[in-house]
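A note on names: the letters A, B, ... follow the listed sequences, proteins ahead of strands, and every chain is numbered from 1.
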2 protein chains.
Amino acid sequence: MGGIAYLVGMSKALPHPGPEAIDLSAVLDALRDPIRRAIVLMVAEEGERRCSSFLHCTTKTNLTYHVARLREAGVVRVRVEGPARIVSLRRAELDARFPGLLDAVLAGTRQDPPLARLVETA
Amino acid sequence: MGGIAYLVGMSKALPHPGPEAIDLSAVLDALRDPIRRAIVLMVAEEGERRCSSFLHCTTKTNLTYHVARLREAGVVRVRVEGPARIVSLRRAELDARFPGLLDAVLAGTRQDPPLARLVETA
DNA sequence: CCTATAGTTCAATAACAATTGGACCAAGGG
DNA sequence: CCCTTGGTCCAATTGTTATTGAACTATAGG
């Protein structure tokens, strides 16, 4: 293998903001949506999950959108593993930058019955 | 619309959600805007402030809009006093419902230099 | 190669959010 | 009463967000 076609296919690294570049408006913006909060809660409780494990929340296309918003805000990390995308929480970086914020939002999310129905331990 | 006599007896009490009706999505939605966070920070540090003391942030009309969003989300209380509106923070209710959330957001807001320029001790 | 699984991209739409300007209302002091 | 201060209401505009469907790319297994 060689040449341009090979390189194009290798665009695996997804853009993530650095730890210091995580912005409060962007984080609150990401966490304000119930679907995204459900995803974050599931990732917080299981450590790592594949994108496909969130398909009960919405459609495939829409999931790509919401996961990208969480990633671009610096809330989650997305890693490519074979054909799948593995989502994990950027807890240490978030806690360092905005102490207590994530835990407060997660606690509030757990108390939210309509939203808790979106949270599946798959 | 444009009524005259009918509006004279209009109630002065502005609608606020009850303590248990404060919704996480609505709160995060209210706090995601930098102008609104600046307002909340000023109210948090001074206790009470008139709407007009925020006019350096934006226009009069727009201020009505942002203060209403904060009030409807349950973040602030607005009281009519003569010709003025007095804004105060619903700290106890917010802390009871989402412990740590407000403090985390306020701390993050204080660290935000571009936003801190909107915060004036008037 | 064929197929299934996993996910992206694009274009369109619908809904909602922020901002502005002008007219208007309400209270208090000359 | 007039005038100023403080703020609301309305209509329009612009911008952003969420959601959908169809077409597409990428990887792994048979």
Side-chain angles (χ1 to χ4, degrees), chain A residues 1 4-15 23 25-39 48-73 76 78-87 115 118 122, chain B residues 1-15 23 25-39 48-73 76 78-87 115 118 122:
Chain A
M1 286 212 267
I4 297 299
Y6 171 71
L7 292 172
V8 166
M10 284 296 281
S11 53
K12 276 183 177 183
L14 296 152
D23 174 64
S25 287
V27 170
L28 295 175
D29 221 48
L31 295 177
R32 122 202 111 138
D33 184 279
I35 292 180
R36 291 194 290 260
R37 276 208 305 286
I39 291 171
E48 284 195 330
R49 288 185 59 148
R50 335 180 72 194
C51 277
S52 55
S53 77
F54 307 128
L55 276 173
H56 63 283
C57 293
T58 179
T59 61
K60 214 161 45 154
T61 310
N62 201 221
L63 200 49
T64 297
Y65 169 73
H66 284 303
V67 171
R69 295 219 56 179
L70 287 169
R71 174 178 49 79
E72 286 159 13
V76 302
V78 183
R79 179 176 94 245
V80 179
E81 199 168 281
R85 305 293 184 273
I86 310 294
V87 181
L115 196 147
L118 280 181
Chain B
M1 318 303 190
I4 305 159
Y6 301 105
L7 296 178
V8 170
M10 203 171 89
S11 158
K12 282 182 172 180
L14 296 150
D23 175 65
S25 287
V27 170
L28 295 175
D29 220 45
L31 295 176
R32 120 203 120 149
D33 185 278
I35 293 181
R36 292 195 288 261
R37 275 208 306 285
I39 292 171
E48 283 194 333
R49 289 185 59 149
R50 334 181 69 193
C51 277
S52 55
S53 77
F54 306 128
L55 276 173
H56 63 283
C57 294
T58 180
T59 61
K60 216 163 39 155
T61 311
N62 201 221
L63 199 49
T64 298
Y65 169 72
H66 284 302
V67 171
R69 296 220 57 181
L70 286 169
R71 174 179 49 79
E72 286 159 13
V76 301
V78 183
R79 177 176 96 244
V80 178
E81 199 168 282
R85 304 293 185 272
I86 311 293
V87 181
L115 196 147
L118 280 181

Salt bridge (Lys or Arg N to Asp or Glu O under 4.0 Å) involving B:Glu48 - partner list, sequence neighbours excluded: B:Arg79
What I'd like to find out is whether the side chain of [X] reaches to under 4.5 Å of the side chain of [Y], using heavy atoms alone.
X: B:Val87; Y: B:Arg50; answer: no
X: A:Tyr65; Y: A:Thr58; answer: no
X: B:Arg71; Y: B:Pro15; answer: yes

Any side-chain N or O of A:His66 under 4.0 Å from OP1/OP2 of D:dT17? no
With a cut-off of less than 4.0 Å, is there a side-chain N or O of B:Arg32 near OP1 or OP2 of C:dA17? no
Can you give me every donor-acceptor pair (side chain of residues 28-36 of chain A, partner residue at least two apart or in another chain, under 3.5 Å) with its distance?
from    : atom 1 : to      : atom 2 : distance (Å)
A:Asp29 : OD2    : A:Arg69 : NH2    : 3.1
A:Arg32 : NE     : A:Asp29 : O      : 3.4
A:Asp33 : OD1    : A:Ile35 : N      : 2.9
A:Asp33 : OD1    : A:Arg36 : N      : 3.2
A:Arg36 : NE     : A:Ala30 : O      : 2.7
A:Arg36 : NH1    : A:His66 : ND1    : 3.1
A:Arg36 : NH2    : A:Asp29 : O      : 3.1

Listed partners of B:Thr64 passing side chain to side chain contact (heavy atoms under 4.5 Å, CB included), at least two apart: none
Closest to the A:Thr59 side chain: D:dT20, D:dA18, C:dA18? D:dT20
Can you tell me the distance, in whole Å, between the [atom1] atom of [X] and the [atom2] atom of [N]?
X: A:Asp33; N: C:dC16; atom1: CG; atom2: C1'; value: 13 Å
X: B:Tyr65; N: D:dT14; atom1: OH; atom2: C1'; value: 13 Å
X: B:Phe54; N: D:dT8; atom1: CZ; atom2: P; value: 12 Å
X: B:Leu63; N: D:dC9; atom1: CG; atom2: P; value: 14 Å
X: A:Leu31; N: D:dT17; atom1: CG; atom2: C1'; value: 16 Å
X: A:Arg69; N: D:dT16; atom1: CZ; atom2: P; value: 11 Å
X: B:Glu72; N: C:dC16; atom1: CD; atom2: P; value: 14 Å
X: A:Asn62; N: C:dA15; atom1: CG; atom2: P; value: 15 Å

Let me know which of A:Cys51, A:Ser52, A:Ser53 forms a side chain to side chain contact (heavy atoms under 4.5 Å, CB included) with A:Arg49. A:Ser53
Pairwise distance CZ(A:Arg37) to CG(A:Leu70) - rounded to 0.5 angstrom: 11.0 Å
Mind listing the N/O atom pairs, protein and nucleotides 4-7 of chain D, below 3.5 Å?
from  : atom 1 : to      : atom 2 : distance (Å)
D:dG6 : OP1    : B:Arg50 : NH1    : 3.4
D:dG7 : OP1    : B:Cys51 : N      : 3.3
D:dG7 : OP1    : B:Arg85 : N      : 2.9
D:dG7 : OP1    : B:Arg85 : O      : 3.4
D:dG7 : OP2    : B:Ser52 : N      : 2.6
D:dG7 : OP2    : B:Ser52 : OG     : 3.3
D:dG7 : N7     : B:Lys60 : NZ     : 2.6
D:dG7 : O6     : B:Lys60 : NZ     : 3.0

Filtered N/O pairs between nucleotides 10-13 of chain C and protein, under 3.5 Å:
none

